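Reminder, nothing fancy here: chain letters follow the sequence lines and each chain counts from 1. Note that the coordinates shown come from a computational prediction; the quantities given were computed from them, not determined experimentally. All values below come from the heavy atoms of this structure, side chains included, with hydrogens, waters and symmetry mates left out.
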Protein chains: 2
Amino acid sequence: MIAPALEALDILRTRTLASLAGEAIERLIVDGELKAGEHLNELALAARLGISRGPIREAIRGLERGGLVVTVVNQGSFVRKISAGEAHELYEVRIALTGYACAHLAQHATTDQIKILRDLIKRMSAAQAARDAADYYTGNLEFHARLMDFGGNRRAVRICDELGQELNLFRRRSLVSPEGMKASNAEHADIVRAIAAGDVARAREAGEAHIRRGMDRFEASTPRPETDAAHKNGDRTAKG
Amino acid sequence: MIAPALEALDILRTRTLASLAGEAIERLIVDGELKAGEHLNELALAARLGISRGPIREAIRGLERGGLVVTVVNQGSFVRKISAGEAHELYEVRIALTGYACAHLAQHATTDQIKILRDLIKRMSAAQAARDAADYYTGNLEFHARLMDFGGNRRAVRICDELGQELNLFRRRSLVSPEGMKASNAEHADIVRAIAAGDVARAREAGEAHIRRGMDRFEASTPRPETDAAHKNGDRTAKG
DNA sequence: TATACAAATATTGCAGACAATCTACATTTG
DNA sequence: CAAATGTAGATTGTCTGCAATATTTGTATA
């Protein structure tokens, strides 16, 4: 065990304040402490993290490119506000990638990989029975990451991760009902069955359908875009 | 016409030095002036652009998140070196997205959209006949952008753009032979025919195959990874 | 000659300071 | 009373400076 002060110095040798600040701000956004459309005060953030504005600004540029934040010259940066249309687009990209990964897996999956997927399904099933939404949530995340990863494509995993993060800007960690969990997990089972059977077309179809149903559920549960168009930050929806 | 000085001021009011620097550095990379693995000297870049290091550093953070640059603490940033495996992954994501877009178009394309695609094919055909590689190149870029865009998904367009940029890190603007152009454009025609016929499966297949063949051509033309493993920046291939 | 070590140089990471701009509020003017 | 104007405070965009780290150069030693 190293003394905290030394440990802190060690962190500084291997990490940069900008990267640490980036993660911190990202957490603030994902956790909802910084709400969509809200202004990012550089000085306040710097004070809060006990550093100067330089690293904060660098971190914000990263978040900007990542789509979490939108910047207006001489006005600063704002947590990005995602429109329903943009959310739909994000979902569609996920549909395409998931479908492709499933098709790919139907041809190339090993028995070990299939076992891992089946174990995850069991775990989610248990979480659903126990009404443990949090456990189901993480299981679900891992299942989808594995799905993409087993396609052997870490880049696709990363893209899906980022898309998911952006989506969370909109749906604020959608809570799933027990029935929803059950239906969703049944779809997972469909996917894995098709993969195990080596049925390419059916695997793709099942993968696409799963994300699409998630999208439908989400859009059905989303109130029509509020018509307070005069809201101050009403147009902070897209970047550049 | 505004006096240059005033125009410069106008630019500063609407743009940030960091964003301008980001574009400038991006050009340096894409144009090959900064080669893969090369070190980005902040002071030198700042001097070259006539600004201070602050905006340069901010710009680099953006490029980092965009995958064009890799940063090592206390060593600085380097133009990302892409491995053959990573290039393959990038291609696969493009395959998935293009295939999906084509399938989508087969169901929803309007006659206007199909006409635009056909016109682009004619234009590329003319460029190929004239051996005008540059014109073919831009036509090809637009064709693929349209393909994605007509899926109605601007986000997918952006992702494909970014993937293409990263790929260019590897393939340094692959030059296409006249025969290559001809074959490639024939594939374009296949895609559009399937879309016009409303044949979803065939459209997807044609779209995927087109990118896949591009990938195959590319990988066939790529010399096996050089075995100068002792090269100084030999491991600057991935980030984080 | 090759290797190990040490000084010198170069470069990064960060902080603080300043000017330009924006925002909010009070004041004036029609 | 509404609109325009002016002022004070807050915030951003940029620059300069300094300490910490990395890299290079030079030197001595086996």
Side-chain angles (χ1 to χ4, degrees), chain A residues 5-25 34 37-64 69-79 230-236 239-240, chain B residues 5-25 34 37-64 69-79 230-236 239-240:
Chain A
L6 285 182
E7 195 176 355
L9 286 181
D10 267 350
I11 290 178
L12 267 190
R13 275 198 209 92
T14 48
R15 305 281 322 258
T16 279
L17 283 189
S19 75
L20 294 172
E23 290 175 12
I25 300 174
L34 285 170
E38 195 164 336
H39 182 234
L40 272 65
N41 187 316
E42 297 175 0
L43 215 53
L45 287 171
R48 174 163 183 167
L49 300 179
I51 61 182
S52 75
R53 280 174 55 218
I56 297 284
R57 286 180 64 85
E58 292 183 23
I60 289 180
R61 294 288 91 74
L63 298 178
E64 188 179 357
V69 146
V70 180
T71 298
V72 180
V73 184
N74 284 327
Q75 253 179 308
S77 301
F78 304 81
V79 179
H231 186 279
K232 181 158 181 277
N233 293 326
D235 57 348
R236 304 247 192 280
K239 71 190 261 185
Chain B
L6 286 182
E7 194 177 356
L9 285 181
D10 267 349
I11 289 179
L12 267 189
R13 272 198 214 82
T14 48
R15 306 283 321 257
T16 277
L17 284 189
S19 74
L20 294 172
E23 291 173 11
I25 299 174
L34 285 170
E38 196 165 337
H39 182 233
L40 272 66
N41 187 317
E42 296 175 1
L43 214 54
L45 287 171
R48 174 165 184 164
L49 300 179
I51 62 182
S52 76
R53 281 173 54 218
I56 298 284
R57 286 179 64 85
E58 291 183 21
I60 289 180
R61 291 304 152 261
L63 298 180
E64 188 179 357
V69 146
V70 179
T71 298
V72 180
V73 185
N74 285 328
Q75 279 189 7
S77 302
F78 304 81
V79 179
H231 186 279
K232 184 153 179 281
N233 293 327
D235 56 347
R236 304 249 192 280
K239 69 189 264 186

Sole candidate of Val72(B), Thr71(B), Leu34(B) that passes side-chain contact (heavy atoms from CB on, under 4.5 Å) when paired with Phe78(B)
Val72(B)
So, does the side chain of Arg15(A) form a donor-acceptor pair with the base of dG13(C) at under 3.5 Å?
no
Of the listed nucleotides [options], the one nearest the side chain of [X]:
X	options	answer
Ser52(A)	dC14(C), dG13(C), dC22(C)	dC14(C)
Asn41(B)	dT14(D), dA15(C), dT12(C)	dT12(C)
Glu42(B)	dT14(D), dG13(C), dA15(C)	dG13(C)
Arg57(A)	dT14(D), dT11(C), dT21(D)	dT14(D)
Gln75(B)	dG13(D), dA22(D), dA15(C)	dA22(D)

Which part of the nucleic acid, if any, lies within contact of Leu40(B), taking any heavy atom under 4.0 Å across all strands shown: a base, the sugar-phosphate backbone alone, or nothing?
sugar-phosphate
Would you indicate what Ile60(B) reaches in the nucleic acid, counting non-hydrogen atoms under 4.0 angstrom: base, sugar-phosphate, or nothing?
nothing
Between atom [atom1] in [X] and atom [atom2] in [N], what is the gap in whole Å?
X	N	atom1	atom2	value
Arg53(B)	dG16(C)	CZ	P	16 Å
Leu17(A)	dA19(D)	CG	P	17 Å
Leu43(B)	dA22(D)	CG	P	19 Å
Leu20(A)	dG13(C)	CG	P	13 Å
Ile56(A)	dT11(D)	CD1	P	14 Å
Asn74(B)	dA10(C)	CG	P	18 Å
Glu58(A)	dT12(D)	CD	C1'	16 Å
Phe78(B)	dA22(D)	CZ	C1'	10 Å

Atom pair [atom1] ([X]) and [atom2] ([Y]), whose distance is rounded to the nearest 0.5 Å:
X	Y	atom1	atom2	answer
Leu40(B)	Ile25(B)	CG	CD1	6.0 Å
Thr16(B)	Asn74(A)	OG1	CG	7.0 Å
Leu45(A)	Ile60(A)	CG	CD1	6.0 Å

Side-chain N or O of His39(A) closer than 4.0 Å to phosphate OP1/OP2 of dT12(D)
yes
Carboxylate-amine/guanidinium contact Arg61(B) Glu64(B), below 4.0 Å:
yes
